[in-house]
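We name chains A, B, ... by the order of the sequence lines, and we start the count at 1 in each one. On a predicted model such as this, the values are computed, not experimentally measured, just so you know.
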Protein chains: 2
Amino acid sequence: METHLMEEGFRWFGPGDPVPLSFIRQAGASSVFTSLHQIPYGEAWSREAIRERKQMVEDAGLRWTAVESVPVHEDIKTGRGDLKTLFENYNNSLRNLAAEGIFAVIYNFMPVLDWVRTDMRWVLPDGSESLHYDPVRFAAFEIHALKRPGAEADYSPEQLEQAAAWWASLDDDARDAFVRTIIDVFPGVKWALSLDDIRAMLAKYDGMGADGLRRNLARFLQAVIPVAEEVGVRMAIHPDDPPFSVLGLPRIVSQASDVEAIFQMVDSPANGLCFCTGSFSARADNDLPEMVRKFAPRIHATHLRSTQRLADGSFYEANHLEGSVDMPAVVRNLLDEQDRRRADGRADWQIPLRPDHGHTMMDDLPKPAGITPGYSCIGRMRGLSELRGLMLGLRAAGRL
Amino acid sequence: METHLMEEGFRWFGPGDPVPLSFIRQAGASSVFTSLHQIPYGEAWSREAIRERKQMVEDAGLRWTAVESVPVHEDIKTGRGDLKTLFENYNNSLRNLAAEGIFAVIYNFMPVLDWVRTDMRWVLPDGSESLHYDPVRFAAFEIHALKRPGAEADYSPEQLEQAAAWWASLDDDARDAFVRTIIDVFPGVKWALSLDDIRAMLAKYDGMGADGLRRNLARFLQAVIPVAEEVGVRMAIHPDDPPFSVLGLPRIVSQASDVEAIFQMVDSPANGLCFCTGSFSARADNDLPEMVRKFAPRIHATHLRSTQRLADGSFYEANHLEGSVDMPAVVRNLLDEQDRRRADGRADWQIPLRPDHGHTMMDDLPKPAGITPGYSCIGRMRGLSELRGLMLGLRAAGRL
């Protein structure tokens, strides 16, 4: 039986990832999403470094289908510094990736931090661990630990009261551990950041606002999309996680109107989206199946996971087929887009997917630290397997 | 969204199983298929023993939906011994199970051995391990190790030649290890069987033939089905694995006509089938979706897995959504049967499923012996997750 499903991938953090490539193959993935994490942000990726990583992946019987990510240097987001060199380096990375046959490039344009949660080990009823975001706890971080001026304005009086009470209930060790939970996922951080470091990072965005950040994104796209087009690279911007402002920072990839604005900055198929259901779904007013339908031609990669939104504004990462995401409708719309691309004779018709954040479960639970939160092997394998079955079921229903 | 899927289960071998109930919950199962393995074959199960096991399962947040199995004593299969007591004990077990609210009972009527493979650690390209059956190797066992009279007649001259060559290539240690591979899965064997033990077990079936075994099965059904009917128990016979004669033994649950004959022995809804796709699929002339359609009202439990048949008559256990089984069509037909049962207002509309034999993979690979071949946790979890997604996809397609 001929089925045309999406290409199944798995994120791999490179040779230092505690999840080996052999496990990724056993999870049923045929490809990986990986990045050259060893290269500092802002430097160009050489063909040699790309080829070496590609060879490593292929030696394990897998393909490197999507780069996640070619990071955007903070100076590009703030619009300061030697932008010419940074753009040139970025374009050289794109050229070298294309020369090695890698054409999907994910990036994000979130200031300071890629994503944030308030608990990385939130225990579910089945004993597995999930990621959790609680605005009350985040308020406690901002107001009582970071002491960000004006942070109070982002919360309701009730949230502020709860945050103060929760913070007061923690002893010093618990406060330190909580602060580290939030800080340790700041991207590209190889050293222990202090709260003062964070304040300095935030200060660079003082007064910029969403429009300022959009101008900086537009400048970046104007610099790199022509090169991407020329060499056949499909750029895929990742949405904000969570999809609303945090730490008073501008966030400009949180909802459909944001995506539309970005697509219009440089109106090219190479200027596309990484459709992350987990990120978009943390906001109730995002209609995910409709967003897939609308943006389909420019969706160049997908992260599939679900969140469960709760009444108090918190959310946790649900099993991939449960929670707030209508995953069958999302996947059906993605498969429909693939059909259209195939019908158009496009060689790049297949949209790479990877399961996102899995629960930490079974043998991954007692493993020593080293697994990136959300990137346990077994929980992601469960998610990928569920998605595989879902795709097959949606496709097979047509012939049965 | 309301979906009515099959109830997801996982086999659990009881408190001695190296796979804990907590892992089974994390795999997404809501129920287990288990048996009181500590009770010798032929003895009645007390309500206390049943209740104790049930409590253990429920304490872990799971339900005990299917008994796998209430074993049929060898004397019942051979038609010798104190059958009256054996039937009485069996019926008492059924009464006690029903009194504790457990209504699906799986059993098999395979003489001497439940299932057989020739390699329990067959390595797949992804490094995971699968079960494999090779008729040439089985011929080597029968002819050169067991020296069963007349075994040669069951094989082609080419197979006999290959078997002899393969056997000759093994040293004594390799021969011993191979013989143990086959013998160690003989059911209910808590001690090391010798080849002479096997010969004695086989001798009890000398001259019985399929018709003789069918008469013994009919006698058993006539003794237990009335009681099952009375207390609401649904009996589910398991097909032969593999679905053809081995060791010269009669096998009477290998194909559709066998099932029809069994249903006619006692024409009652309580006289049903455990539909095992893995078992039936090892035979090319079994049309599985059609068999499900035909036998649906009497399918009381399901084992879902796939095999990949190869041209030389061998087969291995494929991933659950790959191989020779049209799993989407099988599952669609099972879901259709559930719909009919619900429409009829039946309380027991939901058909319990469990993934069968998973590959040994990831963290299960280096685990010390103790995992029953095919019953690794992670591989079965992959299978169950794929089936969950498949069911959801088939169901969701109707509303999308």
Side-chain angles (χ1 to χ4, degrees), chain A residues 1 3 5 19-30 60-62 124-129 289 319-322 326-329 331-333 335-336 355 359-365 367 377-379 381-400, chain B residues 1 3 19-30 60-62 124-129 289 319-322 326-333 335-336 355 359-365 367 377-379 381-400:
Chain A
M1 105 191 77
T3 50
L5 307 178
V19 178
L21 290 170
S22 61
F23 280 28
I24 292 176
R25 257 197 94 180
Q26 288 164 20
S30 56
L62 295 160
L124 294 166
D126 68 4
S128 65
E129 295 175 354
N319 286 312
H320 284 66
L321 303 184
E322 299 168 10
D326 183 350
M327 196 63 83
V331 169
R332 199 275 313 258
N333 290 355
L335 291 173
D336 284 353
H359 296 162
T360 304
M361 58 171 68
M362 298 183 181
D363 298 274
D364 279 335
L365 272 171
K367 280 188 183 171
C377 183
I378 302 178
M381 188 266 258
R382 174 175 164 177
L384 181 61
S385 303
E386 290 173 340
L387 293 166
R388 178 182 306 127
L390 176 63
M391 289 191 285
L392 183 63
L394 289 168
R395 278 292 157 116
R399 71 168 167 85
L400 293 173
Chain B
M1 104 191 79
T3 51
V19 178
L21 289 171
S22 61
F23 280 28
I24 292 176
R25 258 196 94 181
Q26 288 165 21
S30 56
L62 295 160
L124 295 167
D126 69 4
S128 65
E129 294 175 355
N319 286 311
H320 283 66
L321 303 184
E322 299 168 10
D326 183 351
M327 197 63 84
V330 164
V331 168
R332 199 275 313 260
N333 290 355
L335 291 173
D336 284 353
H359 296 163
T360 305
M361 58 171 68
M362 298 182 181
D363 297 274
D364 280 335
L365 272 172
K367 280 187 183 171
C377 183
I378 302 177
M381 189 267 258
R382 175 176 163 176
L384 181 61
S385 304
E386 290 174 338
L387 293 165
R388 178 182 306 127
L390 176 64
M391 291 191 285
L392 183 63
L394 289 168
R395 278 292 156 115
R399 70 168 168 85
L400 292 174

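The distance from atom CG of A/Leu21 to atom CD of A/Gln26, rounded to the nearest 0.5 Å, is 11.0 Å. Note that the CE atom of A/Met361 and the CD atom of A/Glu129 stand 10.5 Å from one another [nearest 0.5 Å].
Distance alone, capped at 3.5 Å, is enough to place a donor-acceptor pair between the B/Arg395 side chain and the B/Leu335 backbone.
Among A/Gly398, A/Gly393, A/Ser22, the residue with the largest count of heavy-atom pairs under 4.5 Å with chain B is A/Gly393. Of all the listed residues (B/Ile378, B/Ile24, B/Leu124), the one sharing the greatest number of non-hydrogen pairs under 4.5 Å with chain A is B/Ile378. Highest contact tally toward chain A, considering only B/Ala27, B/Gly61, B/Gly127, is held by B/Ala27 [criterion: heavy-atom pairs under 4.5 Å]. Of the listed residues (A/Asp364, A/Leu365, A/Asn319, A/Asp126), the one with the most heavy-atom contacts under 4.5 Å to chain B is A/Asp126. When each of B/Asp363, B/Leu384, B/Val19 is scored by its heavy-atom pairs under 4.5 Å with chain A, the top score falls to B/Asp363. The choice from A/Ala60, A/Gly379, A/Gly383, A/Pro125 that makes the most heavy-atom pairs within less than 4.5 Å of chain B is A/Pro125.
Partners of B/Asn333 by side-chain hydrogen bond (donor to acceptor under 3.5 Å, both in side chains), not counting sequence neighbours: none found. Residues passing the side-chain hydrogen bond (donor to acceptor under 3.5 Å, both in side chains) test with A/Glu386 are A/Arg382, B/Arg388, sequence neighbours excluded.
Between B/Lys367 and B/Phe23, the shortest heavy-atom contact is NZ-CE2, 4.4 Å.
For chain A, the nearby part of B/Met381 is the side chain; its heavy atoms alone come within less than 4.5 Å. If you measure heavy-atom distances from A/Leu387 to chain B, you find no contacts under 4.5 Å at all.
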